[in-house]
**Q** 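Shown below is the structure under consideration.
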Amino acid sequence: MSAPAPTSAPQKPGPINDEDVNHWKARINDVLARPSEHVNHKSPESSRPWSNAFFGCFAPIDLCLISWCVPCVTFGKTHHRLHKSANLEGYEPVNTSCLLLWGSGCFGLHWVPMSMQRREIRERYSLQGNCLTDIATACCCGVCDLVQQEKEVALLSEKGGEAVTEQYKTQGGMSYGQ
């Protein structure tokens, strides 16, 4: 008897996605090709402040604890929101970006992908900041940085990616019917 023919059932992809690998390779190569442009990058004067405070990382507590225990999961979640699905459709906790942060953290370089992602968020949603602030937040309090990034992207992607750029305007004085 011969062995049964293998079935060609679709296989579930693993945690590494070629599209994400190429995305990160292109971003890293861009930084290496033009380092001075990236280091001197600053948000325009018209940019707005972050909606979520940097030290507001304790709420919600589940996001805080996940970011503290497995920061790579929060990093990968935020990357998924930015590039694939704002409502996390198809999200897997262990993904390419998660593994990138974990691997870079093994060498003390966790701040590199974190600051790159923070810059991308600043550019996409016109938020205040600069390269040195991005690096400092990633180095000094990575958990607060990850929580702020995730909360900001979740909030702004819910609003359709549009940042609120104008302040409340009054409608004028009260008018009384005579």
Side-chain angles (χ1 to χ4, degrees), residues 20 23-24 26-28 30-31 37-102 104-105 109-172:
D20 285 343
H23 168 81
W24 282 109
R27 300 242 348 256
I28 291 168
D30 183 51
V31 170
E37 287 182 39
H38 290 277
V39 171
N40 296 322
H41 180 268
K42 183 179 177 187
S43 296
E45 294 297 321
S46 63
S47 58
R48 64 181 194 82
W50 291 67
S51 301
N52 295 282
F54 181 71
F55 291 112
C57 58
F58 296 106
I61 193 66
D62 59 338
L63 179 60
C64 176
L65 291 174
I66 288 171
S67 299
W68 180 259
C69 296
V70 279
C72 60
V73 170
T74 303
F75 182 78
K77 183 178 183 181
T78 305
H79 188 268
H80 188 88
R81 276 191 206 277
L82 279 170
H83 295 281
K84 297 189 185 215
S85 171
N87 63 1
L88 297 177
E89 185 177 315
Y91 167 71
E92 292 290 333
V94 178
N95 56 36
T96 306
S97 298
C98 172
L99 295 174
L100 171 72
L101 184 69
W102 177 81
S104 61
L109 297 172
H110 64 282
W111 56 273
V112 174
M114 286 174 62
S115 58
M116 290 173 70
Q117 182 161 281
R118 187 175 182 87
R119 176 185 173 167
E120 184 175 2
I121 293 167
R122 283 191 301 104
E123 287 177 343
R124 180 172 293 186
Y125 298 115
S126 187
L127 299 171
Q128 293 174 347
N130 59 46
C131 180
L132 295 178
T133 304
D134 296 343
I135 293 170
T137 57
C139 288
C140 296
C141 190
V143 173
C144 293
D145 184 22
L146 288 171
V147 171
Q148 185 185 35
Q149 287 182 30
E150 173 58 21
K151 286 167 57 174
E152 198 74 25
V153 172
L155 173 72
L156 294 174
S157 62
E158 262 182 27
K159 294 180 178 179
E162 296 178 19
V164 177
T165 57
E166 71 179 55
Q167 299 294 324
Y168 174 76
K169 295 179 184 174
T170 60
Q171 299 296 322

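Here, residue 1 is the first one in the sequence, and each next residue gets the next number.
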**Q** Is Ser47 close to Leu127 at the side-chain level, that is, under 4.5 Å between some pair of heavy atoms?
**A**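 A side-chain contact under 4.5 Å is absent here.
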**Q** What residue pairs, at least two apart or across chains, pass ring pair (Phe, Tyr, Trp, His ring centres under 6.0 Å) with a residue in residues 71-96?
**A**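 Sorted result for residues 71-96: His23-His79, His23-His83, Trp24-Phe75, Trp24-His79, His79-His83, His80-Tyr91.
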**Q** So which pairs with a foot in residues 56-74 pass side-chain hydrogen bond (donor to acceptor under 3.5 Å, both in side chains), sequence neighbours left out?
**A**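 Output for this query lists Ser67-Thr74.
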**Q** Name all residues meeting the side chain to side chain contact (heavy atoms under 4.5 Å, CB included) criterion together with Glu89; count only those two or more places apart in sequence or in a different chain, and write none if there are none.
**A**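 Partners of Glu89 under the side chain to side chain contact (heavy atoms under 4.5 Å, CB included) test: Ser85, Asn87.
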**Q** With sequence neighbours left out, write down each residue that passes side chain to side chain contact (heavy atoms under 4.5 Å, CB included) with Cys139, or none if nothing qualifies.
**A**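 Cys139: side chain to side chain contact (heavy atoms under 4.5 Å, CB included) contacts with Trp111, Ile135.
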**Q** Say you draw a straight line from OG of Ser157 to CZ of Arg81; how long is it, rounded to the nearest 0.5 Å?
**A**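 Output value for this atom pair is 5.5 Å.
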**Q** Can you list the residues that meet the side chain to side chain donor-acceptor pair (under 3.5 Å) rule with Lys42, with sequence neighbours excluded?
**A**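 For Lys42 there are no side chain to side chain donor-acceptor pair (under 3.5 Å) partners, ignoring immediate neighbours.
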**Q** So which pairs with a foot in residues 63-74 pass salt bridge (Lys or Arg N to Asp or Glu O under 4.0 Å), sequence neighbours left out?
**A**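 Matches after skipping sequence neighbours: none remain.
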**Q** Listed by chain and number, what are the side chain to side chain donor-acceptor pair (under 3.5 Å) partners of Thr133, not counting sequence neighbours?
**A**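 Counting only residues at least two positions away or on another chain, Thr133 forms a side chain to side chain donor-acceptor pair (under 3.5 Å) with Asn130.
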**Q** Would you kindly say whether Ser43 and Arg122 are connected by a side-chain donor-acceptor distance under 3.5 Å?
**A**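 Result is yes, a qualifying pair exists.
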**Q** Measure the shortest side-chain to side-chain distance between Leu146 and Thr78 over non-hydrogen atoms and say whether it is less than 4.5 angstrom.
**A**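 Answer no - side chains too far apart.
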**Q** Should Met114 and Thr137 count as side-chain neighbours, where that means a heavy-atom distance under 4.5 Å?
**A**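 Contact flag for Met114/Thr137 side chains = no.
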**Q** If the condition is side chain to side chain contact (heavy atoms under 4.5 Å, CB included), which residues does His38 pass it with, not counting sequence neighbours?
**A**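 Counting only residues at least two positions away or on another chain, His38 forms a side chain to side chain contact (heavy atoms under 4.5 Å, CB included) with Asp30, Val31, Arg34, Arg119.
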**Q** Would you please name every residue forming a side chain to side chain contact (heavy atoms under 4.5 Å, CB included) with Leu99, sequence neighbours left out?
**A**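 Partners of Leu99 by the side chain to side chain contact (heavy atoms under 4.5 Å, CB included) criterion, ordered by chain and then number, come out as Pro15, Ile16, Val94.
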**Q** For a quick test of your reading: what N or O donor-acceptor pairs under 3.5 Å do the side chains of residues 49-61 make, sequence neighbours left out?
**A**
unit_1: Trp50; atom_1: NE1; unit_2: Gln128; atom_2: O; d: 3.0
unit_1: Ser51; atom_1: OG; unit_2: Arg48; atom_2: NH1; d: 3.3
unit_1: Ser51; atom_1: OG; unit_2: Glu152; atom_2: OE2; d: 3.2
unit_1: Asn52; atom_1: ND2; unit_2: Glu152; atom_2: OE1; d: 3.1

**Q** Report the distance from atom OG1 of Thr96 to atom CG of Leu101, rounding to the nearest 0.5 Å.
**A**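 Going from OG1 on Thr96 over to CG on Leu101, the span is 13.0 Å.
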**Q** Between CG of Asp20 and SG of Cys98, what distance do you get to the nearest 0.5 Å?
**A**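 Taking CG in Asp20 and SG in Cys98, the distance rounds to 11.5 Å.
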**Q** Output every pair passing salt bridge (Lys or Arg N to Asp or Glu O under 4.0 Å) with a member in residues 69-79, not counting sequence neighbours, ordered by first then second residue.
**A**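 Qualifying pairs: none.
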**Q** With distance as the sole test, does Asn95 use its side chain to make a donor-acceptor pair with the main-chain N or O of Glu92 at under 3.5 Å?
**A**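 At least one qualifying donor-acceptor pair exists.
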**Q** Where do Ser115 and Ala138 come nearest, in terms of heavy atoms and distance?
**A**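 Taking Ser115 first and Ala138 second, the nearest heavy atoms are N-CB, 4.4 Å.
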**Q** So Met116 and Asp134, do their side chains get closer than 4.5 Å, heavy atoms only?
**A**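 Side chain of Asp134 against side chain of Met116, heavy atoms only: no contact under 4.5 Å found.
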**Q** For Asp145, check salt bridge (charged side-chain N to carboxylate O under 4.0 Å, His left out) against everything at least two apart and list the hits.
**A**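 In terms of salt bridge (charged side-chain N to carboxylate O under 4.0 Å, His left out), with neighbours along the sequence ignored, Asp145 is linked to Arg118.
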